[in-house]
Amino acid sequence: MGTHLIGDTSEVVVGRGRPRPLLPPSATRARVALLVQPGAEPVGDAVADGLDVPVERLALREGEEAKTLEAVGEVYAWLARIGLGRDDTVVVVGGGAATDAGGFIASTWGRGVEAVHVPTTLLGAVDAAIGGKTAINIGGKNLVGTFWLPRRVVVDLDVLEALPERLRREGAAEVIKAGFIAAPGVVDAYRRHGVDVPLESVVEAAVAVKTRIAASDLRERGERALLNLGHTVGHAVEFASGLSHGESVAIGMVAEAHIAAAKLGFEGVEMVVSTLERTGLPTRVDGLDRDRVMELMWRDKKRDRDGLRMVLLREVGRPEVVHVEADDVWPGLEAVGV
Ligand SMILES: NC(=O)c1ccc[n+]([C@@H]2O[C@H](COP(=O)([O-])OP(=O)(O)OC[C@H]3O[C@@H](n4cnc5c(N)ncnc54)[C@H](O)[C@@H]3O)[C@@H](O)[C@H]2O)c1
Ligand SMILES: [Zn+2]
């Protein structure tokens with residue numbers, strides 16, 4: 001399997017098991033701080049065994065709890081105790097919440113130390129761990145963060161294949177999103193196999209989409225916005241409904257497909273719906289207040305003066321950032337039951 005580069009310094013390695021040595025060469029690294037998400041301990045053990053430098057290990061808090069200022073403060077205090085130096089490395093093992101928090105910590109400790117991520121969820125492997133956006137939650141979600149490219153991201157297909165179905169479905173929304181943006185073969189694979197798709201056939205392609213787009217726009221000034229397909233409606237649905245991120249993005253992709261049909265003549269609405277249904281992801285949501293969802297969307301940072309910038313498909317593989325107004329959005333929401 002392959003290696004994908006973002007610039008000269010950030011590589012994403014997709015394969016089975018872990019590369020040996022796990023870490024990129026360094027003449028000065030004296031130790032590793034290993035941060036492991038609860039639930040990912042077996043991978044943490046294997047990673048610790050495979051390191052040829054002294055390792056200090058700490059358990060992160062569970063899920064989003066790791067992304068609080070308090071939890072980050074606990075990790076800083078621990079790094080001070082173990083004396084992690086400027087030439088040392090932070091290795092993070094876990095899902096997107098772990099790599100968001102651990103990446104933030106690596107970017108700020110000593111004004112920035114090397115980060116290496118070993119994502120253990122499908123969402124983390126194709127999205128969160130790649131591309132250097134770090135974040136913690138202060139009041140609102142992801143309001144504080146940095147851009148800090150991990151030196152290496154190790155995607156282990158054996159780990160992803162062993163995930164419970166819930167986590168493979170949750171990540172599938174982002175894999176399918178990458179497919180709609182730039183990898184039609186991924187969409188075909190999910191249409192054929194649903195959530196039990198051979199991950200080997202789709203993860204590498206989704207990683208390639210994420211690395212290519214992130215590399216072209218590291219600071220999210222332009223093209224990187226394309227990765228927000230399904231997320232403008234999806235985030236609002238997530239906040240209003242309490243559905244998971246992946247479920248909400250699935251519903252968002254359907255609503256935005258309807259909007260794309262009206263604005264750009266997109267002809268694939270049925271295909272979007274059936275791909276997501278085949279994967280066991282929701283394509284409608286009942287009981288939400290449409291005004292509230294609109295309000296949440298308009299509060300989002302992707303708005304301009306009298307509308308929103310939304311990523312819409314002209315066809316699969318041809319996304320565009322399009323200015324939309326409220327009148328464009330209503331029918332899309334209505335089509336998914338909002
Ligand atoms: N930085 C970015 O570009 C970016 C992009 C997308 C999402 N994110 C962030 O990612 C986070 C979501 O990531 P996530 O979906 O991975 O959630 P998560 O990190 O909260 O992990 C979900 C669950 O997976 C469990 N888990 C982890 N590894 C496991 C394993 N090997 N086997 C069994 N269970 C395991 C964890 O215990 C946890 O309960 C959010 O905080 C989101 O903001 C960041
Ligand atoms: Zn997402």
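Any value given below was found using the heavy atoms of this structure, including those in side chains, with hydrogens, waters and symmetry copies removed. Just so you know, ligand 1 is whichever comes first in the structure, and atom 1 is the first atom listed for that ligand.
The contact set between ligand 1 and K67, taken as ligand atoms under 4.0 Å from a residue heavy atom, comprises 40 (C), 41 (O), 42 (C), 43 (O). For ligand 1 and G39, the ligand atoms under 4.0 Å from any heavy atom of the residue are 29 (C), 30 (C), 32 (N), 33 (C), 34 (N), 35 (C), 37 (O). Those atoms of ligand 1 with a heavy atom of G95 less than 4.0 angstrom away are 16 (O), 19 (O).
The side chain to side chain contact (heavy atoms under 4.5 Å, CB included) test applied to A206 returns V126, V175, A178, not counting sequence neighbours. Listed by chain and residue number, R292, R299 satisfy the side chain to side chain contact (heavy atoms under 4.5 Å, CB included) test with E295 (two or more places apart in sequence, or in another chain).
For ligand 1, the polar-atom distance check against K133 finds a nitrogen or oxygen pair separated by under 3.5 Å.
Between the choices D127, L123, N142, the shortest heavy-atom distance to atom 15 (O) of ligand 1 belongs to L123. Nearest residue to atom 16 (O) of ligand 1 from T121, V126, I130 is T121 (criterion: closest heavy atom). Ranked by closest heavy atom to atom 13 (O) of ligand 1, the top entry among A101, G63, G96 is G96. Scanning T120, L60, T99 for the heavy atom closest to atom 28 (N) of ligand 1 points to T120. With distances taken over non-hydrogen atoms, the option nearest atom 2 (C) of ligand 1 out of G145, A128, P38 is A128.
Contacts with ligand 1 closer than 4.0 Å are made by side-chain heavy atoms of L163 only, the backbone lying farther away. When heavy-atom distances to ligand 1 are checked against a 4.0 Å cut-off, L167 comes that close only through its side chain, counted from C-beta outward.
Closest to atom 9 (C) of ligand 1, if we only count protein heavy atoms, is D100 OD2, 3.3 Å. Atom 41 (O) of ligand 1 has E64 OE2, 2.4 Å as its closest protein atom, hydrogens excluded (heavy atom only). In this structure, atom 21 (O) of ligand 1 lies nearest to the protein heavy atom Q37 NE2, 3.7 Å. Ranking protein heavy atoms by distance to atom 3 (O) of ligand 1, first place goes to K210 NZ, 3.7 Å. Ranking protein heavy atoms by distance to atom 42 (C) of ligand 1, first place goes to K141 NZ, 3.6 Å.
Sorted by first and then second residue, the ring-ring contact (aromatic ring centres under 6.0 Å, His included) pairs with a member in residues 89-121 form an empty list; sequence neighbours excluded.
Within the structure, ligand 1 has E62 among the residues with a heavy atom less than 4.0 angstrom away.
Residues Y76 and T108 have side chains in contact (heavy-atom distance under 4.5 Å, counting atoms from C-beta outward).
Taking all atoms of both residues into account, the shortest heavy-atom contact from T121 to L163 is CA-CD1, 3.7 Å. T120 approaches Q37 most closely through the heavy-atom pair OG1-OE1, 4.4 Å.
Salt bridge status for R168 with E161: absent, with no side-chain N to carboxylate O gap under 4.0 Å. A salt bridge is absent between E170 and R166; no separation between the charged side-chain nitrogens and carboxylate oxygens falls under 4.0 Å. At a threshold of 4.0 Å, the pair R29-E114 counts as salt-bridged, since one of the basic side-chain nitrogens sits closer than that to a carboxylate oxygen. Look at D52 and R20 and you find no salt bridge, because none of the NZ, NE, NH1 or NH2 atoms lies under 4.0 Å from a carboxylate O.
S248 and E238 are not linked by any side-chain donor-acceptor pair at a separation below 3.5 angstrom, with hydrogens and angles left out of the test.
The aromatic rings of F239 and H235 lie tilted to each other, with the angle between the two planes from 30° to 60°.
By the rule that hydrophobic residues join a cluster once side-chain heavy atoms approach within less than 4.5 Å of another member, V316 and V311 end up as members of one cluster. Note: the hydrophobic cluster containing M253 does not contain V195 (ILVMFWY, side chain heavy atoms under 4.5 Å, direct or indirect links).
Protein N/O/S atoms closer than 2.8 Å to the Zn ion (ligand 2): E174 OE2, H231 NE2, H245 NE2.
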